[in-house]
Amino acid sequence: MAKVATREAYGKALAEFGADPNIVVLDADLSKSTKTETFLKAYPDRFFNIGIAEANMMAIAAGMATCGKTVFASTFAIFAALRACEQVRNSICYPKLNVKIGATHAGISVGEDGASHQTVEDMAIMRSLPNMTIMCPCDGVETRAAVKAAIDLKGPVYLRLGRLALPEVHQADNFNFELGKGIQIKDGSDVTIIATGLMVYKSLEAAEMLKAQGIDARVIDMHTIKPIDQDIIIKAAKETGAIVTAEEHSIVGGLTGAVSEVLVQNYPTPLKAVAINDTFGKSGKPDELFVEYGLTPENIVKQAQEVMKIKK
Amino acid sequence: MDKQQLLELKKTAVKIRRHIIDAVYHAGSGHPGGSLSCTDILTALYFKHMNVNIKNPQDANRDRFVLSKGHCAPALYSTLAVKGFFPTEELVNLRKIDSFLQGHPSLKDVPGVDMSTGSLGQGISASVGMALAGKLDKKDYRVYTIIGDGECQEGQVWEALMAGAHYKLDNLTAFLDHNGLQIDGKITDVMSPESLPEKFKAFNWNVIEIDGNDLEAIDKAIETAKATKGKPTMVVANTIKGKGVSFMEDQYGWHGKAPSKEERDNAIAELDQAMELLGGE
């Protein structure tokens with residue numbers, strides 16, 4: 001099957017659902033990269049380029065939202081979550097306005113551009129903002145569903161999207177997506193891998209490798225980081241007794257943080273993380289970077305073995 | 001504007017100033033100086049020009065107002081209360097734990113507030129967004145905002161000005177509350193943003209310079225802005241910080257300080273006297 005980047009699916013979904021005249025799309029001079037250009041071509045009257053001024057874009061989006069618009073504001077995740085962080089907090093989240101932040105080029109899979117453009121902190125920052133909803137889809141099918149869910153939800157949403165083309169995990173025909181509900185994509189009884197974004201397909205690969213070793217791993221696609229699906233986490237902890245989280249994000253405050261918070265307060269369970277270990281990224285090809293930072297099926301397998309050693 | 005209308009506006013401005021002093025006094029903190037300097041602008045907007053509906057504050061066709069210098073919430077709240085959005089009795093509860101009157105404007109909490117502000121530089125961008133939405137929807141509502149001169153040190157103000165001119169938002173009118181003072185002193189000593197009128201012109205805005213505490217001049221400037229096509233208008237309103245309370249006038253120390261009981265009483269007495277001279281109560 002042809003690979004598709006989540007940013008690509010995002011642009012397509014905006015054009016697909018963009019017939020709704022209340023939808024407007026803003027970009028900060030990156031429409032060719034964020035793929036909002038697809039919407040621009042379909043609905044030029046409802047696309048506004050704000051130029052290289054992300055802070056301004058977020059507050060303009062807020063102003064438009066007060067006038068009944070469903071506003072998608074797009075730029076690279078590093079600028080959306082960090083450059084414009086305080087605008088997102090004070091002008092969007094505090095008044096709970098209907099702004100959807102389409103944050104592309106998240107994580108180290110940006111590749112050659114290097115650390116200045118590779119945000120591994122964005123989910124941690126966005127997750128700490130009250131009223132914010134965060135989705136990090138794992139493939140094109142899920143991205144389309146996430147965009148639809150974002151439109152249906154009245155309030156701020158942060159959509160974490162990537163540059164890299166990814167294999168499809170889900171089938172378009174019979175895909176059920178519910179915001180805030182993780183999807184168990186493989187059952188298993190020995191250990192649970194909870195993954196988000198591009199780590200989901202790597203987790204499926206890891207589960208196959210574990211199977212060859214006689215380990216039966218459950219895999220959960222946690223597309224919504226906030227609000228996190230507590231039920232599916234606690235159920236997995238009770239039934240498998242060991243958790244591995246996998247995310248293309250800092251170990252601080254993202255999926256690992258969210259899952260840990262649920263576990264320690266409800267059902268303390270051993271956990272190992274596959275995540276960026278509190279460091280900046282660097283230039284390189286995405287596949288080289290995945291190896292360097294341990295975002296590989298092999299490392300998921302290793303962490304699964306480790307966590308099973310301390311499982312009760 | 002006829003003489004009777006002007007007289008009524010002047011009385012309303014004094015009324016609002018009394019509420020500002022009283023609200024900040026009861027709160028024990030807040031920003032009286034900048035609130036008093038922009039009172040006349042708010043008075044002209046809400047009591048002469050703006051189409052708002054106190055029974056339906058969310059009316060889609062209403063004119064919008066954004067207080068980009070959000071710390072002057074006492075002025076906005078007093079204006080909204082006198083206008084009738086909520087009872088003036090609530091004003092003394094400003095900043096109190098059980099009150100809806102947050103320290104800075106909050107659209108979810110306060111009827112009549114169109115945008116949450118308080119972090120400088122963001123409100124003017126939001127007003128650009130509202131004006132852009134108005135153009136998109138082909139609605140004829142107008143959008144007004146007040147920015148501070150100290151606020152112009154924030155780079156975002158200039159991003160917003162650029163966008164306002166780029167999208168030819170002639171439905172947007174901004175007021176610069178040009179009182180020349182900020183928390184640490186004179187704006188020209190702290191970090192000079194001058195010359196502001198020339199900068200606004202260079203950003204391709206229609207610029208009108210007036211005495212910002214003169215209700216007639218404000219009224220005329222708004223009329224000119226309404227008639228201006230193809231670009232947004234910046235009214236450079238030269239104001240006096242603390243206007244209307246002699247011991248607060250042009251004193252940066254009154255930027256963010258509440259009056260004592262005695263100071264409050266003196267200020268109210270002075271405003272009562274001003275009201276008496278206008279023939280009001």
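Proteins come first, then strands; the chains are lettered A, B, ... in the order of their sequence lines, and each starts at number 1.
Taking K139(B), Q58(B), Q122(B) one by one and counting their heavy-atom pairs under 4.5 Å with chain A, the maximum is reached by Q122(B). Your options are A62(A), G51(A), A55(A), and the one with the most heavy-atom pairs under 4.5 Å with chain B is A55(A). Of the listed residues D137(B), V66(B), T117(B), the one with more heavy-atom pairs under 4.5 angstrom with chain A than any other is D137(B). Counting heavy-atom pairs under 4.5 Å between each of M130(B), M162(B), H104(B) and chain A puts M130(B) at the top. Your options are L97(A), N49(A), I52(A), and the one with the most heavy-atom pairs under 4.5 Å with chain B is N49(A). Among D109(B), I124(B), L132(B), the residue making the largest number of heavy-atom pairs under 4.5 Å with chain A is L132(B). Taking chain A as the reference chain and counting heavy-atom pairs below 4.5 Å, the highest number among S106(B), G155(B), G129(B) is found for G129(B).
What you find for T66(A) and R64(B) is that their closest heavy atoms are O-NH2, 4.5 Å. Here the shortest heavy-atom pairing between I60(A) and A163(B) reads CD1-CB, 4.0 Å. In terms of heavy-atom proximity, P95(A) sits nearest to M115(B) at CG-CE, 4.4 Å. When all heavy atoms of Q156(B) and N56(A) are compared, the closest pair comes out as NE2-CA, 3.8 Å. Annotation for I50(A) and Y167(B): closest pair CD1-CE1, 4.4 Å, computed over non-hydrogen atoms.
Annotation: R127(A), atom CZ; neighbour count of heavy atoms from other residues, nucleotides and ligands within 6.0 Å is above 12. Residue N56(B) places its CG atom among more than 12 non-hydrogen atoms of other residues, nucleotides or ligands, all under 6.0 Å distant. Counting non-hydrogen atoms of other residues, nucleotides and ligands closer than 6.0 Å to NZ of K282(A) gives a total of 12 or fewer. With a 6.0 Å radius and a threshold of 12 heavy atoms from other residues, nucleotides or ligands, K12(A) has its NZ atom at or below the threshold. For R83(A), the CZ atom is loosely surrounded, since the number of other residues' heavy atoms within 6.0 Å does not exceed 12. Counting non-hydrogen atoms of neighbouring residues, nucleotides and ligands closer than 6.0 angstrom, the NZ atom of K199(B) exceeds 12 such neighbours. Under a cut-off of 6.0 angstrom, the local environment of NZ in K41(A) is sparse, with at most 12 non-hydrogen atoms contributed by other residues, nucleotides or ligands.
If you measure heavy-atom distances from A160(B) to chain A, the contacts under 4.5 Å come from both the backbone and the side chain. Heavy-atom distances place no part of E154(B) under 4.5 Å from chain A, backbone and side chain included. When heavy atoms are compared at a cutoff of 4.5 Å, V24(A) approaches chain B solely by way of its side chain, counted from C-beta outward. There is no contact between L26(A) and chain B, counting heavy-atom distances below 4.5 Å. Residue D114(B) touches chain A through its backbone alone, counting heavy-atom pairs closer than 4.5 Å. At a 4.5 Å heavy-atom cutoff, the contact between L107(B) and chain A is made by side-chain atoms alone.
The closest side-chain heavy-atom distance from E159(B) to M57(A) is not below 4.5 Å. Side-chain atoms of Y94(A) and Q102(B), non-hydrogen and from C-beta on, do get closer than 4.5 Å to each other. Side-chain atoms of K96(A) and K108(B), non-hydrogen and from C-beta on, do get closer than 4.5 Å to each other.
Here the straight-line distance linking atom NZ of K69(A) with atom CG of L136(B) works out to 4.5 Å at 0.5 Å rounding. Here OG of S119(B) is found 6.5 Å from CD of Q87(A). Values are rounded to the nearest 0.5 Å.
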